[in-house]
Structure formats: structure tokens, C-alpha cells
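Notes for the one structure printed next.
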Amino acid sequence: MIGYTTAKMAKALGCTHHGSYYGIPIWMGDIDSEAPLVFAKWAPLDLLMLVFSWIEGLLFPLVHGPEAQPMFMFKVGSEIE
């Protein structure tokens, strides 16, 4: 599939885990840092992630309060084999 990043390519870029962001399958790396490596497994879904992150940025303070530390709701999955 055009634009799909395989597990081998993701590992070469520094990814260590599978994950998801509101159902979008993602590759993740450096998950213990404040700025983890995150991107969609299929490149066109990066645009959808942009839209979801914009919506999340607007709604997060309304749900958790204005003084809450902003964060993204990534779900960390299994390690890449």
C-alpha cells in the first residue's frame, strides 16, 4: 500500500511500539519522554491526526479544567517484533 510504513522501516526510524490515537493506528518511539516519536502507520492518516489533535486541544481544557497539563491521549500497544 502506498504510504504505509512497515514495522522494519518504523524500527529504523526509532519506533519501538505499536499504538493508537482515537482508533488511528500509529508507530511510537521514545515513549517515556515528554516528546515521543509518533506518526500514523499509513501516511494519509497523519492529516486526520492533525484534525483530531486540534479538536483535542480545544476540548481538553473544557473537560479537565484550564489549569490541567495539556496532553495527547495516545494508547501504547505492544512492542514491535
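Since the model is a prediction, treat every value here as computed from it, not as a measurement.
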If you group Ile, Leu, Val, Met, Phe, Trp and Tyr by side-chain heavy-atom gaps below 4.5 Å, do W42 and L47 land in one group?
-> no
Sequence neighbours left out, what passes side chain to side chain donor-acceptor pair (under 3.5 Å) with Y22? Give chain and number order.
-> E56
Residue pairs, two or more places apart or on separate chains, that pass side-chain hydrogen bond (donor to acceptor under 3.5 Å, both in side chains) and touch residues 65-81 | none
For P25, which residues count as a side chain to side chain contact (heavy atoms under 4.5 Å, CB included) partner, sequence neighbours excluded?
-> K41, L45
Acceptor/donor pairs from residues 4-15 side chains to any protein atom, 3.5 angstrom cut, sequence neighbours excluded:
unit_1 : atom_1 : unit_2 : atom_2 : d
T6     : OG1    : M9     : N      : 3.2

For F74, which residues count as a ring-ring contact (aromatic ring centres under 6.0 Å, His included) partner, sequence neighbours excluded?
-> Y21, F72
Who passes ring-ring contact (aromatic ring centres under 6.0 Å, His included) against H18, sequence neighbours left out?
-> W27
Among all residues two or more places apart in sequence or in another chain, which pass the side chain to side chain contact (heavy atoms under 4.5 Å, CB included) test with T16?
-> none
Using side chain to side chain contact (heavy atoms under 4.5 Å, CB included) as the criterion, list what pairs up with D46, not counting sequence neighbours.
-> F39, A40, M49
Indicate if M71 and I24 have the same hydrophobic cluster label, given that clusters are the connected sets of ILVMFWY residues with side-chain heavy-atom separations under 4.5 angstrom.
-> yes
Those residues at least two apart in sequence (or on a different chain) that pass side chain to side chain contact (heavy atoms under 4.5 Å, CB included) with A43 are none
In one Ile/Leu/Val/Met/Phe/Trp/Tyr side-chain cluster, 4.5 Å: I31, M73 | yes
Residues at least two apart in sequence or cross-chain that pass side chain to side chain donor-acceptor pair (under 3.5 Å) with S33, listed by chain then number, are D30
Should V76 and M28 count as side-chain neighbours, where that means a heavy-atom distance under 4.5 Å?
-> yes
Hey, what do you get for CH2 (W54) to CG (L59), rounding to the nearest 0.5 Å?
-> 9.0 Å
